[in-house]
Peer 1: 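There's a structure below that I have some questions on.
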Amino acid sequence: MTPAELSQAVQAAVSAAVEAGELAVAVPEHVTIERPKNRDHGDYATNVALQLAKPAGKPPRAVAELLAERLRGITGVTKVDIAGPGFMNITLDAATQGELARTIVEAGPAYGRNEALKGLKINLEFVSANPTGPIHIGGVRWAAVGDSLGRILKATGADVTTEYYLNDAGVQITKFAKSLQASANGKPVPEDGYVGEYIADIAKAIVEGVPGVLDLSEGEQLEVFRTEGLKLMVAEIQRSMEEFGTHFDVWFSEKSLHDSGAVEKAMERLREQGHVFEQDGAIWLRTTDFGDDKDRVLIKADGETTYFAADAAYYLSKRDRGAEVSVYMLGADHHGYVNRLKAIAACAGDDMDRNIEVKIGQFVKMLRDGQEVRLSKRAGNIITIDDVVEWIGVDAARYMLARSSTDSTITIDIDLVTSQKAENPVFYVQYAHARMCSVQRNAVEKGITRSADFKPELLATEWESNLLGELAQFPGVVAKSGEWREPHHVATYLEKLAREYHRFYDNCQILPKGDEEVTDLTHARLWLADATRTVIANGLTLLGVTSPERM
RNA sequence: GCGCUCAUAGCUCAACGGAUAGAGCACUUGACUACGGAUCAAGAGGUUGCAGGUUCGAAUCCUGCUGAGCGCACCA
């Protein structure tokens, strides 16, 4: 029996009590079933009686007693205790719990998928760093978190489009082009230009790829450096993302919004909604109607459209392409945009509490020898994605960046994460997987094939029970991560699961020792080990981390 | 000045408003003639920044304070 099934059973018990006239309450839509920290409290616990006590006008323990009586009649439930203020502690029999191992193995990669967000169309935009340089560490965090979130949302039934917004229009691109041009001509970097070896690399590539470029007039040259530089920089970003295992369904060009007239159309739509006005020769959007601290300019007095106008057009583009929810993942230095972005949605007539979500990610620090690392050879005073991959590898980088809440600033100690001796969370989880693969290899060597005749009731020790209980949590964890847009719960979960597996492994011999007989217990434990391997692999896949068979 | 985010073990981080706040690292002590010791077991380590409030119950929600990071353009 899974927690979800148990939850339904409790709901049914509430319904039955209501129908019997014993409880005058509305049946709750969700009944929380949790795994008690203290196993003396049973296999599962629910606080539903505490929640229903007030509306029912009865003491919590009395409500609990009504429900407990009904739950005790369910097959597989061996005990229902009432504890503390009114918790119901539920104990299942071993066979009912053990059956889960078969369910998981048979589901394979599908175990964990759920329908919590079934059919919801979500646009997930992340990284979106300016194509004027390599992706820096903040962008790397979003690549890890955003890509994982995309995978989790898909597993949760959502219809997700992942997207990278390329700011390929505007003054920063001109600055970038001028920096390339200066480099190609052996001139010093212009005021406020971009510095770093990558500028020289790209400039050189352009000079080699476009013969005669340096013979063109200054203005013609600049155009070549603009278009070619952009092309090369975007290609490099795409390569970096690809190598990082991060996939975007759409690379959306800001320039295309301007070129296609989408910006003008967007402003027209906002005007129809009544939030556009003119003042001091400029065109404004009255974002203060929806909580922004000042109104925003769409068209400057000189006739130029602003970046903000493109943002508005971009939001509407996402909407037009079917997104019910647009999720923006921004760095902490952009938190000032939250209100204005949400105001765009509201000004367009959307629900700013539902149709748009803005997530803010805090900064990442990297340490080596106890000192913060700030410098990158290739790009001056920033750490690039390639630096991170070179230092700690894709798996460790993705895992470490995705395992913490984006609300926390995080510090990654390069020495810890790369050390062969020091344990670290990535290897801890991966090792559990490799260990199970090893057991399976040994089983094959011994000629043991997991029997279809599975006796779940044999998985009865506390270690097996704990492991099964943890395995049962997985679909709920995935659903929660998706609903809350917080991938780190998957990592936290995997660490707990790996811990339970290692405990099981150390206390429960799976394969026969020496010339001992192969027993039903051998088979039952192989089912359990295989189920655990499946869940760890599924979880690591959601994080975009590999599941090695050997380490 | 205004606003956003954060503050949990020596360090890095967890904890749907729930029971005794948990892991890993580091530290102490044990366990390989058993499937991988990158593991396990035991120990030590906390006034959840401070002060109030809400309630059956607060690290979590509210208010104030302190401290840190960031942001407050007709820039992008």
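Lettering follows sequence order; numbering is per chain, from 1. Below, all heavy atoms of this structure are taken into account, side chains as well, without hydrogens, waters or symmetry copies.
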Peer 1: When you compare C13(B) with U48(B), how far apart are their C1' atoms, in angstrom units rounded to a whole number?
Peer 2: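 Here C13(B) and U48(B) have their C1' atoms 14 Å from each other.
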Peer 1: I'd like to know if Arg525(A) pairs up with Glu464(A) as an ion pair, taking the criterion as any Lys NZ or Arg NE/NH1/NH2 lying under 4.0 Å from an Asp or Glu carboxylate oxygen.
Peer 2: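 Judged by the 4.0 Å cut-off on N to carboxylate O distance, Arg525(A) and Glu464(A) do form a salt bridge.
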Peer 1: Testing Asn47(A), Val48(A), Leu52(A) one by one against Leu50(A) for a side-chain contact (heavy atoms from CB on, under 4.5 Å), which residue passes?
Peer 2: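 Passing option: Asn47(A).
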Peer 1: Considering residues at least two apart in sequence or located in another chain, which fulfil the side-chain contact (heavy atoms from CB on, under 4.5 Å) criterion with Val394(A)?
Peer 2: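 Here the qualifying residues are Phe244(A), Val389(A), Arg398(A).
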Peer 1: Assess, by modelled atom type and distance only, whether the side chains of Glu486(A) and His489(A) contain a donor and an acceptor separated by less than 3.5 Å.
Peer 2: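 Their side chains do contain a donor-acceptor pair, which is all the 3.5 Å distance test asks for.
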Peer 1: Which residues satisfy the side-chain contact (heavy atoms from CB on, under 4.5 Å) test with Tyr493(A), sequence neighbours excluded?
Peer 2: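 With sequence neighbours excluded, Tyr493(A) shows a side-chain contact (heavy atoms from CB on, under 4.5 Å) to Glu470(A), Gln473(A), Phe474(A), Val477(A), Leu497(A), Val535(A), given in chain and number order.
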Peer 1: Could you give the distance separating G18(B) and A58(B) at their C1' atoms, to the nearest angstrom?
Peer 2: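 Here A58(B) and G18(B) have their C1' atoms 10 Å from each other.
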Peer 1: Counting a pair only when it is Watson-Crick or G-U and both distances are under 3.5 Å, which runs of at least 3 such pairs involve RNA chain B?
Peer 2: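 Only these stems qualify: B:1-7 with B:66-72, B:10-13 with B:22-25, B:27-31 with B:39-43, B:49-53 with B:61-65.
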Peer 1: For a quick check, tell me whether the side chain of His334(A) and the base of G71(B) share a donor-acceptor pair closer than 3.5 Å.
Peer 2: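 Such a pair does not exist between side chain and base.
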Peer 1: Taking only side-chain nitrogens and oxygens of Arg435(A), does any of them come within less than 4.0 Å of OP1 or OP2 of A38(B)?
Peer 2: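 Checking Arg435(A) against A38(B): no side-chain N or O falls below 4.0 Å of OP1 or OP2.
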Peer 1: With the threshold set at under 4.0 Å for non-hydrogen atoms, list the residues of residues 525-532 of chain A touching RNA chain B in residue-number order.
Peer 2: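 Correct list: empty, so none.
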Peer 1: Salt-bridged, Asp292(A) to Lys294(A), with N to O below 4.0 Å?
Peer 2: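 Answer for the salt bridge query: no.
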Peer 1: Determine the interatomic distance between C1' on U8(B) and the same-named atom on G67(B); round to the nearest Å.
Peer 2: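 That atom pair is separated by 16 Å.
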Peer 1: Please measure how far the P atom in A23(B) lies from the corresponding atom in G45(B), and state the result in whole Å.
Peer 2: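 It comes out at 15 Å once rounded to the nearest Å.
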Peer 1: When you check every protein heavy atom under 4.0 Å of nucleotides 15-22 of chain B, what one-letter string (B, S, -) results, 5' to 3'?
Peer 2: SB-BBB--
Peer 1: Is Lys480(A) paired with Glu483(A) through a side-chain N to carboxylate O contact shorter than 4.0 Å?
Peer 2: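 Here Glu483(A) does not pair with Lys480(A) in a salt bridge, since their nearest N and O are not under 4.0 Å apart.
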Peer 1: Are side-chain N/O atoms of Tyr307(A) and Gln172(A) paired as donor and acceptor at under 3.5 Å?
Peer 2: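 Looking only at side-chain atoms, Gln172(A) and Tyr307(A) do not form any donor-acceptor pair under 3.5 Å.
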Peer 1: Between G57(B) and A21(B), how far apart are the C1' atoms? Round to whole Å, please.
Peer 2: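 Comparing C1' positions in A21(B) and G57(B) gives a spacing of 15 Å.
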Peer 1: Using the C1' atom on both, measure C4(B) against A14(B) and round to a whole Å.
Peer 2: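 Between the two C1' atoms, the distance is 24 Å.
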Peer 1: Reading nucleotides 28-35 of chain B from the 5' end, what letters show protein touch, with B for base, S for backbone sugar-phosphate only, - for no heavy atom under 4.0 Å?
Peer 2: ------BB
Peer 1: RNA chain B: Gly336(A) or His502(A), which has the more 5' nearest nucleotide?
Peer 2: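 Mapping each residue to its closest nucleotide by heavy atoms, the 5'-most match is His502(A).
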